[in-house]
Amino acid sequence: MSLLGEPDAAQTIARADSAAGEVVLRRRGPHTELIVDGVFVMDTVDTSTELDLATLALTRHPRPRRVLIGGLGLGFTAQAVLADARVEHVTIAEIASPLIEWAEQGLLPAPGLTDPRLTLVPGDVGAVLSATAGEWDLILLDVDNGPGFLVREENAGLYTPAGLSSAVAGLAPGGVLAIWSSHRAPDLLAALESLGAGRPEEVVREVRREGRRFDYAVYLLSRR
Ligand SMILES: C[S@@+](CC[C@H](N)C(=O)[O-])C[C@H]1O[C@@H](n2cnc3c(N)ncnc32)[C@H](O)[C@@H]1O
């Protein structure tokens, strides 16, 4: 809000075309916004659950050395993972590839994204999952607003039993899969349960935005 009580106007910080469509980083007052292919993806008004996605998974693993994140977004989940000294390597797959360049240039709001432990890979996290088996101690997925509110229709397969099974196969024994959602997702919980790979867990966090209450959720599964 401006001092006169009017909504702040948005200013474009960076803009580029990509295979995922136009990617725009905007500043609105003190906050940064990310828009991909005309769809509002996220902003920095409340990033507590992006951080929770990382810390909930990190606390469930005794020695999380290798971490895969899909996608980068504004970098808050990555920041929380890199803050853990036990982590030796982080790969982030990001389909909106200009974000990778902007992270390297320090344009993204989360600090620490030039950490030498970090590898940024342009492309679909689903492709990384298909090509890596038993490799990751943690896999953190935050590529949509949740399984019921996709940012990309092509991501639907990630939340099917086959897609989730591919994610679990990417985990080393004892590894943890964590999925962020902007809503409670009982179908996702049931699909995780149906894999028989471990008992899934739902952690719900209340977030208030513009006077409204939202129940965000993180779904976790530790591979037996
Ligand atoms: C909500 S943001 C992630 C927010 C991030 N957790 C943070 O802390 O800032 C979702 C990101 O996933 C990316 N994305 C969407 N589908 C993807 C996919 N299939 N593979 C990789 N990245 C994807 C989007 O371009 C976007 O940057």
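One is the number of the first residue; the rest follow in order along the sequence. Just follow the structure's listing: the first ligand is 1, and inside any ligand the first atom is 1. Note: hydrogens, waters and symmetry copies are ignored here, and every other heavy atom, side chains too, is used.
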**Request:** Could you point out which residue of V125, L141, D144 forms a side-chain contact (heavy atoms from CB on, under 4.5 Å) with N155?
**Result:** D144
**Asked** Ion pair present between R28 and D43, side-chain N to carboxylate O less than 4.0 angstrom?
**Response** no
Which donor-acceptor pairs under 3.5 Å do the side chains of residues 92-112 make with protein atoms, sequence neighbours left out?
{"unit_1": "E94", "atom_1": "OE1", "unit_2": "L72", "atom_2": "N", "d": "2.9"}
{"unit_1": "E94", "atom_1": "OE1", "unit_2": "G73", "atom_2": "N", "d": "3.3"}
{"unit_1": "E94", "atom_1": "OE2", "unit_2": "A96", "atom_2": "N", "d": "2.7"}

**Message:** Can you confirm whether Q11 is buried at CD, in the sense that more than 12 heavy atoms of other residues, nucleotides or ligands lie under 6.0 Å from that atom?
**Reply:** no
**Fill in**
Chain-and-number sorted residues having a heavy-atom contact under 4.0 Å with ligand 1 are L34, V41, M42, E50, G71, L72, G73, L74, G75, F76, T77, A93, E94, I95, A96, L99, G123, D124, V125, D142, V143, R152, N155
**Request:** I would like to know whether E206 and R208 meet salt bridge (Lys or Arg N to Asp or Glu O under 4.0 Å); could you show each step before the answer?
**Result:** CA-CA 7 Å; E206 182 184 315; R208 290 189 178 270; 3.1 Å; yes
**Request:** Determine, stepwise, if the pair E202 / L188 fulfils side-chain contact (heavy atoms from CB on, under 4.5 Å).
**Result:** CA-CA 10 Å; E202 178 189 55; L188 176 59; over 6 Å; no
